[in-house]
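Heads up, the thing below is written out as structure tokens.
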Amino acid sequence: MDNSSEIITSNLSWSCASCARASGGHAPSERDLSPAGHVVVAVCLGIIGTFGFVNNAIVLLLFCRHKPLRSPINCMLVSISVSDLLVCVLGTPFSFAASARGRWLIGARGCVWYGFINSFLGIVSLISLAALSYERYCTMMGAMQANITRYKKVFLGITFSWIYSLVWVVPPLFGWSQYGPEGPGTTCSVNWTTKTANNVSYIVCLFFFCLILPFVVIVYSYGKLLHAIKQVTRIHTALSRKREQRVLLLVVTMVVCYLLCWLPYGIMALVVTFGEPGLVTPEASIAPSLLAKTSTVINPIIYIFMNKQFYRCFRDLLICSSSARASHYRTSSKVTKSLRNIRRANAPDTTLNPNAVCSPDSHKSVSQPDTCSPSGPVKPVVSLVVYYHE
């Protein structure tokens with residue numbers, strides 16, 4: 001315990017000295033932004049923090065209000081929203097205040113806290129996306145129902161994502177690398193600049209296990225899924241192919257946008273670590289950091305506007321509707337299994353009411369319910385594809 005306390009104290013002393021240089025008038029010119037630059041960064045952080053908080057809060061509100069949204073895959077999406085929301089609450093306000101004043105405001109311990117919490121929540125999002133891709137692959141290949149066993153597996157994956165991320169952000173608190181100011185001194189992260197074996201080894205491991213390895217899982221899962229979809233194209237109906245491709249587009253778009261946000265930051269960190277001192281200017285260092293934070297805004301937008309369940313519930317929220325149709329939604333995996341059973345028949349199902357004549361337009365889009373007009377008085381029945389929505 002005494003040893004650990006000394007290490008933490010040493011880290012805080014280093015951070016305190018760095019924060020003092022970043023906040024006072026003795027900071028080197030190469031670490032400074034102009035007053036106008038600080039204002040621009042503050043405005044960007046204010047916009048990102050506000051929209052990130054609102055967007056993720058909407059996703060969580062929809063998830064809580066509409067029980068049909070609580071499918072296993074949506075639980076993983078909500079885990080990502082929780083981490084993004086926490087970034088907007090626990091991290092962004094401090095960097096916004098620092099940029100508005102042109103210096104770090106909450107001291108060395110606050111800098112360590114900021115670096116720790118932002119690193120932790122960022123890694124949670126990336127690991128969760130990797131787990132999400134694997135779950136999506138298993139779901140569509142196995143056509144599993146959303147039963148209790150599958151929920152347990154999803155919750156296990158969510159728990160693993162958070163614990164795995166925590167394991168990789170704790171070491172800097174105990175001497176394997178350290179947290180401190182980055183760029184112009186108005187944000188904090190892992191110490192990218194110190195070129196000791198201790199620091200470089202941690203950065204290499206962090207880069208591999210928290211960026212490269214999850215990316216490999218994502219590419220493998222979606223690569224196998226794409227291959228499977230191509231293999232079964234001939235036996236699938238146009239309706240089922242459209243639905244599966246839409247689901248795939250949703251998750252792949254999330255992953256691509258997330259990597260576009262974080263890849264520049266990862267490259268910048270490696271250049272600072274292995275490049276010549278002063279190679280990365282303050283402007284060049286702050287831009288990838290801002291870009292990384294935009295992922296908290298982008299992810300919820302993808303959930304709402306590319307996922308028909310979320311979008312429909314969001315529309316009902318805007319018009320203050322109770323959304324009676326929501327009670328008829330099916331979970332993603334149940335619809336998958338039902339569609340695969342329906343696909344076995346090339347002709348309309350003759351077990352349905354023979355007196356019902358369905359409109360030919362009923363199969364043009366998965367977003368349109370079947371419109372059937374009975375030719376005579378019949379007992380009301382529920383159509384197989386009523387409210388088949390993503």
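Side chains are part of it too, since the values below use all heavy atoms of this structure and drop only hydrogens, waters and symmetry mates.
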Under a 3.5 Å cutoff, is there a donor and acceptor pairing between the side chains of W176 and S201? yes
Quick check on K224: does its NZ atom have over 12 non-hydrogen neighbours (other residues, nucleotides or ligands) under 6.0 Å away? no
Hey, does Y265 have a side-chain heavy atom less than 4.5 Å from the side chain of S189? yes
State, yes or no, whether a side-chain contact exists between L279 and V272 at a heavy-atom distance under 4.5 Å. no
F94 and C111: side chain to side chain contact (heavy atoms under 4.5 Å, CB included), yes or no, with the steps? CA-CA 9 Å; F94 300 109; C111 185; over 6 Å; no
OH (Y164) with more than 12 external heavy atoms under 6.0 Å: yes
Apply side chain to side chain contact (heavy atoms under 4.5 Å, CB included) to the pair L90 and W113, showing each step before the final yes or no. CA-CA 9 Å; L90 302 177; W113 159 257; 4.3 Å; yes
State, with a plain yes or no, whether a side-chain heavy atom of L60 is found less than 4.5 Å away from one of I58. no
ILVMFWY network linking V170 to V167, side-chain heavy atoms under 4.5 angstrom: no
Start with the C-alpha gap between S128 and W162, add the side-chain angles, then the distance that decides, and say whether side-chain hydrogen bond (donor to acceptor under 3.5 Å, both in side chains) holds. CA-CA 8 Å; S128 297; W162 287 77; 4.9 Å; no
Counting neighbours of OH on Y220 that are heavy atoms of other residues, nucleotides or ligands and sit closer than 6.0 Å, is the number greater than 12? no
What class does the angle between the rings of F120 and F116 fall in, given that below 30° is parallel, 30 to 60° is tilted and above 60° is perpendicular? parallel
With no hydrogens and no angle check, is any side-chain donor or acceptor of T50 less than 3.5 Å from a backbone partner on I47? no
Just checking, is any N or O donor in the side chain of T187 or S289 under 3.5 Å from an acceptor N or O on the other one? no
Before you tell me yes or no, could you show the steps for Y202 and N198 under side chain to side chain contact (heavy atoms under 4.5 Å, CB included), namely the whole-Å CA-CA distance, both residues' side-chain angles and the distance that decides it to 0.1 Å? CA-CA 7 Å; Y202 174 77; N198 174 284; 5.8 Å; no
Do Y179 side-chain atoms and V169 backbone N/O form a donor-acceptor pair below 3.5 Å? yes
Can you check whether F310 and F314 have ring centres sitting under 6.0 Å from each other? no
Quick one: does R103's side chain have a donor or acceptor within less than 3.5 Å of a partner on T186's backbone? no
Judged by modelled atom types alone, do N74 and S71 share a side-chain donor-acceptor pair under 3.5 Å? yes
State, without any angle test, whether N199 and T196 hold a side-chain donor-acceptor pair at a distance under 3.5 Å. no
Whether the side chain of T296 engages the backbone of D84 through a donor-acceptor N/O pair (distance < 3.5 Å, no angle test) should be reported. no
Is the side chain of T273 donor-acceptor paired with the backbone N or O of W192 at a distance under 3.5 Å, no angle test? yes
Throw together a table of side-chain donor-acceptor distances under 3.5 angstrom for residues 206-215, partners on residues two or more places apart or in other chains.
none

